[in-house]
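Input: a single structure, listed below in structure tokens.
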Amino acid sequence: MSQTARSVPDATDAHSNRWKALSFIALAQLMVVLDATIVNIALPSAQQDLGISDGNRQWVITAYALAFGGLLLFGGRIADIWGRKRTFVTGLIGFAAASALGGAAQSEAMLLGARALQGAFGALLAPAALSLLAVMFTDAKERAKAFGIYGAIAGGGGAVGLILGGFLTEYLDWRWTFFVNIPFAIIAAAGAYFVIREPAGGRNRSPLDIPGVVLSTLGLVSLVYGFTRAESEGWSDSTTIGLFVASVLLLASFVFVESKVKAPLLPLRVITDRNRGGVYLSLGLAIIAMFGLFLFLTYYLQIVKGYSPVKTGFAFLPMIAGMITGSTQIGARLMTRVPARLLMGPGFLTAAAGMLILTQMEIGSSYAGLLLPAQLLLGLGMGTAFMPAMSLATQGVEPRDAGVASAMVNTSQQVGGAIGTALLNTIAASATTSYIKDHIASAASKPQQQLVQLEGMVNGYTSAIWFAVGILVVAAAIAFALVNAGRPDITAVSGAGEGVEDELPVPVIAH
């Protein structure tokens with residue numbers, strides 16, 4: 001019996017339940033997006049409660065991002081081999097368990113371990129969710145509508161996470177920012193188990209590239225840990241240098257292995273394409289700038305300005321609103337009319353302009369006069385650039401490579417976020433220490449010393465933000481130089497027909 005004949009009953013079931021299934025998949029996406037922002041708001045409280053040092057605090061964010069980004073390619077392949085529905089449900093149950101562990105954390109190590117586990121199960125969950133939608137929504141119009149809903153949740157979920165994180169931290173406890181994931185995961189897993197019917201014949205029977213998984217994960221861990229260690233031990237520390245050398249060797253070995261094995265984890269043809277390579281590189285750089293800023297603004301608003309967690313959450317809304325507007329009203333409307341580079345380049349430059357305003361931040365800076373316009377520009381620029389970048393990342397990809405191409409986008413985002421948090425935090429901490437050392441002697445009284453401490457913190461933040469401005473300008477230059485594709489066709493579904501089940505669609509809004 002042919003593959004088509006065998007899959008007809010399952011395909012019919014999947015088709016009839018597709019909109020119900022979308023609701024549970026979207027709920028899982030909302031949980032992951034909530035978790036990405038909700039912890040930022042709770043971080044100062046968790047740091048104080050568990051006695052986490054300033055040098056280690058970014059690991060609460062970095063541990064999640066690194067595990068998620070480092071294992072995404074692996075998670076995508078597991079979903080292809082093991083079955084997408086099974087992988088999706090397993091990812092949800094594991095994410096709920098890791099969240100329970102994080103909420104119950106009694107030490108720094110326990111919290112960081114829980115965050116790494118969340119990232120690992122998220123790496124199973126994300127590619128499985130996207131590939132399930134690809135299987136169920138093959139009609140171009142329905143597909144666009146489904147991913148429009150999915151993308152709106154990705155963008156709007158960030159705002160919900162910031163506000164919900166503030167309420168939970170202020171009126172309950174920071175631990176509830178972890179516990180809140182549990183009901184989301186249970187409902188989504190139960191719904192997915194009973195509603196989703198995955199068409200048969202969609203699995204990839206190629207053997208798993210174990211050397212590729214090991215080399216890529218170890219290489220990325222070495223890279224990010226090198227940036228993190230540089231903060232506490234210095235850039236000239238022998239172990240720090242050793243980590244960077246190890247990361248280069250491991251990642252170079254990964255590329256070599258991928259060029260030789262029959263079923264590579266990441267086929268090199270995916271990243272050597274000029275346009276896709278330009279998208280991955282520029283997007284990764286932009287995320288480096290973005291993630292560090294979230295951390296700095298959270299601490300600036302709560303510690304320097306004295307905002308409550310709830311007020312901090314609302315203070316971030318202009319940036320989220322700008323991102324949604326840039327994505328849906330500018331990027332999405334223009335991406336079929338102008339080449340991608342004419343949206344990506346100006347988008348990154350607009351975001352850089354927003355960052356540039358933030359370099360003028362002082363202790364007494366006005367929210368309405370400085371932070372508000374900076375956030376709006378940053379959000380508008382990023383949102384405008386992300387939409388065409390996401391579309392272009394899988395444009396022209398062979399159906400058998402569509403999944404790994406989309407996973408590569410997520411990997412560049414997550415690893416960029418991990419590096420950005422570590423690198424910019426290192427720069428900020430060094431500048432703060434230097435400022436306090438130079439000015440503390442002139443502070444006679446305790447209030448003056450406290451003022452110098454705050455001034456040192458703000459000086460550290462602005463020093464790091466200057467680097468972020470430069471990174472965004474480089475991202476814009478790469479987009480202009482490398483991305484030369486014309487207008488993307490967002491209505492075509494590549495790989496329709498045979499092999500469509502192996503396609504992994506592009507998320508509509510990056511987060």
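For the atom pair R274 CZ and L482 CG, the distance stands at 6.0 Å (nearest 0.5 Å). Expressed to the nearest 0.5 Å, how far CG of L92 lies from CD1 of I187 amounts to 11.0 Å. In this structure, L125 CG and I93 CD1 are separated by 11.0 Å, a value rounded to the nearest 0.5 Å. From F95, atom CZ reaches atom CG of L117 across 10.5 Å, with rounding to the nearest 0.5 Å. Here S216 contributes atom OG and L71 contributes atom CG; the two are 8.0 Å apart, rounded to the nearest 0.5 Å. Distance check, rounded to the nearest 0.5 Å: CG of L43 to CG of L111 gives 8.5 Å.
Of all non-hydrogen atoms in S247 and G219, the two that sit nearest each other are CB-O, 3.4 Å. Of all heavy-atom pairs between V257 and P211, the closest is CG1-CB, 4.1 Å. Of all heavy-atom pairs spanning E108 and G51, the tightest one is OE1-O, 4.3 Å. Taking each heavy atom of G345 and A476 in turn, the nearest pair found is O-CB, 3.6 Å. For the residue pair A188 and L27, the shortest heavy atom distance occurs at N-CD2, 3.9 Å. Among all heavy-atom pairs drawn from A100 and I182, the shortest one is CB-CD1, 3.8 Å.
By the ring-ring contact (aromatic ring centres under 6.0 Å, His included) test, F348 pairs with no residue at all, sequence neighbours left out. Listed by chain and residue number, nothing satisfies the ring-ring contact (aromatic ring centres under 6.0 Å, His included) test with F254 (two or more places apart in sequence, or in another chain). Contacts of D49 classified as side-chain hydrogen bond (donor to acceptor under 3.5 Å, both in side chains), with partners at least two apart in sequence or in another chain: W174. Residues that satisfy the side-chain hydrogen bond (donor to acceptor under 3.5 Å, both in side chains) test with S45, not counting sequence neighbours, are absent from this structure. For the side-chain hydrogen bond (donor to acceptor under 3.5 Å, both in side chains) test, residues two or more places apart in sequence or in another chain that qualify with N275 are N484.
Although no hydrogens or angles enter the test, the distance criterion places no donor-acceptor pair under 3.5 Å between the side chain of R115 and the main chain of Y64. Judged by distance alone, with hydrogens and angles left aside, the side-chain atoms of R57 form no donor-acceptor pair with the main-chain N or O of P44 at under 3.5 Å. When atom types are taken as modelled, the side chain of S259 and the backbone of F256 share a donor-acceptor pair closer than 3.5 angstrom. D209 contributes a side-chain N or O that, together with a main-chain N or O of L265, makes up a donor-acceptor pair within less than 3.5 Å.
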>> Applying side-chain contact (heavy atoms from CB on, under 4.5 Å) to M323 and F386, what does each step give before you reach the verdict?
In response: CA-CA 9 Å; M323 288 188 74; F386 280 172; 3.8 Å; yes

F178/L101 under side-chain contact (heavy atoms from CB on, under 4.5 Å): CA gap, chis, key distance, verdict: CA-CA 8 Å; F178 286 88; L101 186 66; over 6 Å; no

key: Candidate pair S53 and N56, rule side-chain contact (heavy atoms from CB on, under 4.5 Å), full reasoning   = CA-CA 5 Å; S53 68; N56 286 341; 3.5 Å; yes

Under the criterion side-chain contact (heavy atoms from CB on, under 4.5 Å), I'd like the reasoning laid out for L112 against I52: C-alpha separation, chi angles, the key distance, then a yes or no.
CA-CA 10 Å; L112 297 183; I52 301 173; 5.6 Å; no

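Contact annotation: the side chain of M31 never approaches that of V180 to less than 4.5 Å [non-hydrogen atoms, C-beta and beyond]. Proximity of L250 to S222: side-chain heavy atoms (C-beta onward) are separated by under 4.5 Å at one or more points. D237 is not listed as a side-chain neighbour of I241, based on a closest heavy-atom distance of 4.5 Å or more. Two residues are said to be in side-chain contact when any heavy atoms from C-beta on lie closer than 4.5 Å; N181 and Q118 meet this criterion. Counting heavy atoms from C-beta on, the side chains of I196 and F24 never come closer than 4.5 Å. R276 is listed as a side-chain neighbour of V270, based on a closest heavy-atom distance under 4.5 Å. By the 4.5 Å heavy-atom criterion applied to side chains, T240 and L243 are not counted as neighbours. Proximity of P267 to E258: side-chain heavy atoms (C-beta onward) are nowhere separated by under 4.5 Å.
Heavy-atom contacts from other residues, nucleotides or ligands closer than 6.0 Å to CZ of F480 number more than 12.
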Side-chain polar contacts of residues 282-299 - donor-acceptor pairs under 3.5 angstrom, sequence neighbours left out - could you list them?
from: S282; atom 1: OG; to: G278; atom 2: O; distance (Å): 2.8
from: S282; atom 1: OG; to: V279; atom 2: O; distance (Å): 3.3
from: T298; atom 1: OG1; to: F294; atom 2: O; distance (Å): 2.8
from: Y299; atom 1: OH; to: Q47; atom 2: OE1; distance (Å): 2.5

